[in-house]
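I have placed the structure first, in the form of structure tokens, so that the comments after it can refer back to it.
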Amino acid sequence: MSRPTKTLERVLRGNADANIAFDDLCSLLRHLGFDERVKGSHHIFTRDGIDEILNLQPKGGKAKAYQVAQVRDVLVENGFADESDDTLGDSDE
């Protein structure tokens, strides 16, 4: 199982939002086709067809729990949870 797949499963489970590595969350979003812009400590993710803008900042190497929840909501609302196997594949990053 690839690292993005594992990260997606952890995000979608929602039982460890405070323990998701910031770099893993950013990598997952890039893998899913989000464009990343960095301004200071803010990592801003956008994607064509998705109105929401995800603005993430690290906290000690981890993603902030409320931001992980925001990412989960955007992924679920836009069908990434249903298509996770097709979207991520099985290759390691």
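Since we're looking at a predicted model, the values are computed, not measured.
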>> To the nearest 0.5 Å, what is the distance between NZ on Lys59 and NZ on Lys62?
In response: 12.5 Å
> What is the minimum heavy-atom distance between Arg47 and Phe34, and which atoms define it?
Replying inline: CB-CD2, 3.7 Å
> Can you check whether Asn19 reaches Arg10 side chain to side chain, under 4.5 Å on heavy atoms?
Replying inline: yes
>> I'd like to know whether Asp17 forms a salt bridge (charged side-chain N to carboxylate O under 4.0 Å, His left out) with Arg72, so could you lay out the CA-CA distance, the side-chain angles of the two residues, the decisive distance to 0.1 Å, and finally the verdict.
In response: CA-CA 10 Å; Asp17 287 355; Arg72 178 174 44 255; 2.8 Å; yes
> After noting the C-alpha distance and the side-chain angles of Val71 and Ile20, does the key distance pass the side chain to side chain contact (heavy atoms under 4.5 Å, CB included) rule?
Replying inline: CA-CA 12 Å; Val71 169; Ile20 304 289; over 6 Å; no
>> Within the 4.5 Å heavy-atom criterion, are Asn78 and Glu52 side-chain neighbours or not?
In response: yes
>> Same cluster or not: Val76 versus Val74, using hydrophobic residues (I, L, V, M, F, W, Y) connected whenever any side-chain heavy atoms lie under 4.5 Å apart?
In response: yes
>> If I compare all heavy atoms of Ser41 with all of Pro58, which pair ends up nearest, and what's the gap?
In response: O-CD, 3.5 Å
>> Do Leu75 and Leu8 have side chains that approach each other closer than 4.5 Å (heavy atoms only, starting at C-beta)?
In response: yes
> Who pairs with Glu36 by salt bridge (charged side-chain N to carboxylate O under 4.0 Å, His left out), at least two apart in sequence or on another chain?
Replying inline: Arg30
> Taking side chain as C-beta onward, heavy atoms only, is Phe80 less than 4.5 Å from Val11?
Replying inline: no
> How long is the gap from CD1 on Ile44 to CZ on Arg37, to the nearest 0.5 Å?
Replying inline: 4.0 Å
> In this structure, are over 12 heavy atoms from other groups packed under 6.0 Å from Ile53 atom CD1?
Replying inline: no
> Per the side-chain contact (heavy atoms from CB on, under 4.5 Å) rule, which among Leu29, Leu28, Leu12 passes with Thr7?
Replying inline: Leu28
> Would a distance-only check, ignoring hydrogens and angles, find a side-chain to backbone donor-acceptor pair under 3.5 Å from Gln67 to Gln57?
Replying inline: yes
